[in-house]
A.B. asks: 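The structure that follows is given in the form of structure tokens.
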Amino acid sequence: VPTVLITDKTWESTAIEAEVLAAVGAELVEAQTGEEAELLELVAQADAILTCFAQVTPAVVRAGTRLKVIGRYGIGVDNIAVDTATELGIPVTNVPAYCLDEVAEHVIGALLCMVRSFHAYDRAVRDGDWSLATGLPVVRVAGRTIGILGFGKIGRAIVPRARGLGLDVIAHDPFAPDEAIRDGGAEPVGLMELAERSDFVTVHTPLTEDTMHLVGDAFLRAMRPTAYLVNAARGAIVDQDALTAALTEERLAGAALDVFVPERLAPGHPLLASDRLLATPHVAFYSQESVQDLARGAAANVAEVLAGRRPAATVNPQVYA
Ligand SMILES: NC(=O)c1ccc[n+]([C@@H]2O[C@H](COP(=O)([O-])OP(=O)(O)OC[C@H]3O[C@@H](n4cnc5c(N)ncnc54)[C@H](O)[C@@H]3O)[C@@H](O)[C@H]2O)c1
């Protein structure tokens, strides 16, 4: 019986995956910790991996001598040693587009929460403080400018929502032609121009060698001291130490982060001490609806490969060349 190793997941049930994979006669094995040592042991008996946030390292891929496919529960594949998989001829799959609405809703929600100081006012009111001053500064969103860094599927999904709020939209994406950015409803700009002109910057690139620390010290210093940053892409795209300094030194009005380096910050991390931080635990993708699409899509990719077919959502199609 083909075995599918689930390295980790953050939602409750694997009933959907079990049903989809049963159709090709495969069974699930769930890791307990998702740590490398455990995965090295379990992967030896696995025909496939399904992974969410766990690190599928080069060593884990190499130890999977029966592996036929590595399926990501999600869009980004930066936690998977894709190069090693490609070298070994193992397809890596993802689930594009299952949570475009959710991430866009999360970004707009975080932006409004920061600007309107919902969290500060809520805490204050419960403590008996009904003063307007607690949540200041509060500015008008309409008429301001949002800068979208990475104009892919999620970046483009931000546009109609931002326009609905009366925002001007600018975007930077070196791989999207200017007309495509204009057709998507945004003004194409350079990286530093985006930093300088935006009242809100939202990050939507994948994490790659090129985008690591793309939002670094120079970018953050080019941002307005009244501007807000939202990162619901990957933690390492932002230089977290430089961001911590920018918030602490009050060179930035605020940052809403859904993703961190490491995935879970230790209690007491200096970033967590900043009142200017709005933190969420990598949940931008999640809704009751999206996670069903995610489980079904991720499991279907793996089932396709186990049944001898080639899923469309293969991130390293070179393996079929
Ligand atoms: N927080 C969450 O729960 C969550 C959920 C879904 C996706 N994500 C992250 O969001 C990322 C984007 O998702 P997507 O569906 O929009 O992907 P996508 O592939 O459709 O778009 C990514 C865009 O980034 C652009 N890009 C690449 N390098 C760039 C650079 N140096 N500067 C500017 N732009 C660059 C690409 O050209 C592309 O247009 C994913 O890779 C994933 O890591 C996070």
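Both ligands and their constituent atoms are indexed starting at 1 by order of listing. This one's a predicted model, so the numbers in the text were calculated from it and none came from an experiment.
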A.B. asks: So which heavy atom in the protein is nearest atom 20 (O) of ligand 1, and how far is it from that ligand atom?
C.D. replies: K153 N, 2.9 Å
A.B. asks: So is there a nitrogen or oxygen of L149 less than 3.5 Å from a nitrogen or oxygen in ligand 1?
C.D. replies: no
A.B. asks: What protein heavy atom is closest to atom 3 (O) of ligand 1, reported as residue, atom name and distance in Å?
C.D. replies: F285 N, 3.0 Å
A.B. asks: Quick one: look up the protein heavy atom nearest atom 31 (N) of ligand 1 and list residue, atom name and how far away it is.
C.D. replies: T211 CG2, 3.6 Å
A.B. asks: Report yes or no: do I49 and V82 belong to one cluster of Ile/Leu/Val/Met/Phe/Trp/Tyr joined by side chain heavy-atom distances under 4.5 Å?
C.D. replies: yes
A.B. asks: Around atom CD of E41, are there more than 12 heavy atoms of other residues, nucleotides or ligands at under 6.0 Å?
C.D. replies: no
A.B. asks: Would you mind checking which non-hydrogen protein atom is closest to atom 12 (C) of ligand 1, with the distance to 0.1 Å?
C.D. replies: H204 O, 3.5 Å
A.B. asks: Would you call the rings of F285 and F53 parallel, tilted or perpendicular, taking 30° and 60° as the class edges?
C.D. replies: perpendicular
A.B. asks: Between F151 and ligand 1, find which residue part has any heavy-atom pair under 4.0 Å and reply side chain, backbone, both or neither.
C.D. replies: backbone
A.B. asks: At what distance is the nearest protein heavy atom to atom 33 (C) of ligand 1, and which residue and atom is it?
C.D. replies: P174 CD, 3.2 Å
A.B. asks: Measure the OG1-NE2 distance between T10 and H282 for me, rounded to the nearest 0.5 Å.
C.D. replies: 8.0 Å
A.B. asks: Just which atoms of ligand 1 are under 4.0 Å from any heavy atom in A284?
C.D. replies: 1 (N), 2 (C), 3 (O)
A.B. asks: Give the atoms of ligand 1, by number and element, whose distance to some non-hydrogen atom of V103 is under 4.0 Å.
C.D. replies: 5 (C), 6 (C)
A.B. asks: I need the nearest protein heavy-atom contact for atom 21 (O) of ligand 1: residue, atom name and distance, please.
C.D. replies: G152 CA, 3.2 Å
A.B. asks: Please state which part of L191 comes within less than 4.0 Å of ligand 1, counting heavy atoms only: side chain, backbone, both or neither.
C.D. replies: neither
A.B. asks: May I ask you to say whether R123 pairs ionically with D127, meaning some side-chain N is under 4.0 Å from a carboxylate O?
C.D. replies: no
A.B. asks: My understanding is that we take every heavy atom of each candidate and find the minimum distance to atom 27 (C) of ligand 1. Doing that for F175, F53, Y98, which one comes out nearest?
C.D. replies: F175
A.B. asks: Could you tell me if the side chain of R156 sits less than 4.5 Å from the side chain of F151, heavy atoms only?
C.D. replies: yes
A.B. asks: Is A176 touching ligand 1 with its side chain, its backbone, both, or neither, if touching means heavy atoms under 4.0 Å apart?
C.D. replies: neither
A.B. asks: With rounding to the nearest 0.5 angstrom, report the OH to CD distance, Y98 to Q292.
C.D. replies: 13.5 Å
A.B. asks: Tell me which protein heavy atom sits closest to atom 44 (C) of ligand 1, plus the residue, atom name and distance to 0.1 Å.
C.D. replies: A232 O, 3.1 Å
A.B. asks: Is it the side chain, the backbone, both or neither of H282 that has a heavy atom closer than 4.0 Å to ligand 1?
C.D. replies: side chain
A.B. asks: To check your reading of the model: name the closest protein heavy atom to atom 17 (O) of ligand 1, its residue, and the distance in Å.
C.D. replies: I75 CG2, 4.3 Å
A.B. asks: Should K9 and E30 count as side-chain neighbours, where that means a heavy-atom distance under 4.5 Å?
C.D. replies: yes
A.B. asks: Does D258, backbone or side chain, put an N or O under 3.5 Å from an N or O of ligand 1?
C.D. replies: yes
A.B. asks: If you measure only the distance, is there a donor-acceptor pair under 3.5 Å linking the side chains of S287 and E102?
C.D. replies: yes
A.B. asks: Looking at R116, I want to see if its CZ is surrounded by more than 12 non-hydrogen atoms of other residues, nucleotides or ligands under 6.0 Å.
C.D. replies: no
A.B. asks: May I ask you to check whether over 12 heavy atoms, not counting those of Q32, lie within 6.0 Å of atom CD?
C.D. replies: no
A.B. asks: If we only count N/O pairs under 3.5 Å, is I154 in contact with ligand 1?
C.D. replies: yes
A.B. asks: Any N/O of D173 closer than 3.5 Å to an N/O of ligand 1?
C.D. replies: yes
A.B. asks: For E27, does the CD atom sit with more than 12 other heavy atoms under 6.0 Å from it, leaving out its own atoms?
C.D. replies: no
A.B. asks: Within the 4.0 Å heavy-atom shell around C99, which atoms of ligand 1 are there?
C.D. replies: 5 (C), 6 (C)
A.B. asks: Decide whether an N or O pair under 3.5 Å exists between T205 and ligand 1.
C.D. replies: no
A.B. asks: In terms of atom number and element, which parts of ligand 1 are under 4.0 angstrom from non-hydrogen atoms of R234?
C.D. replies: 8 (N), 9 (C), 42 (C), 43 (O), 44 (C)
A.B. asks: Looking only at side chains, do D129 and S131 share a donor and an acceptor under 3.5 Å apart?
C.D. replies: yes
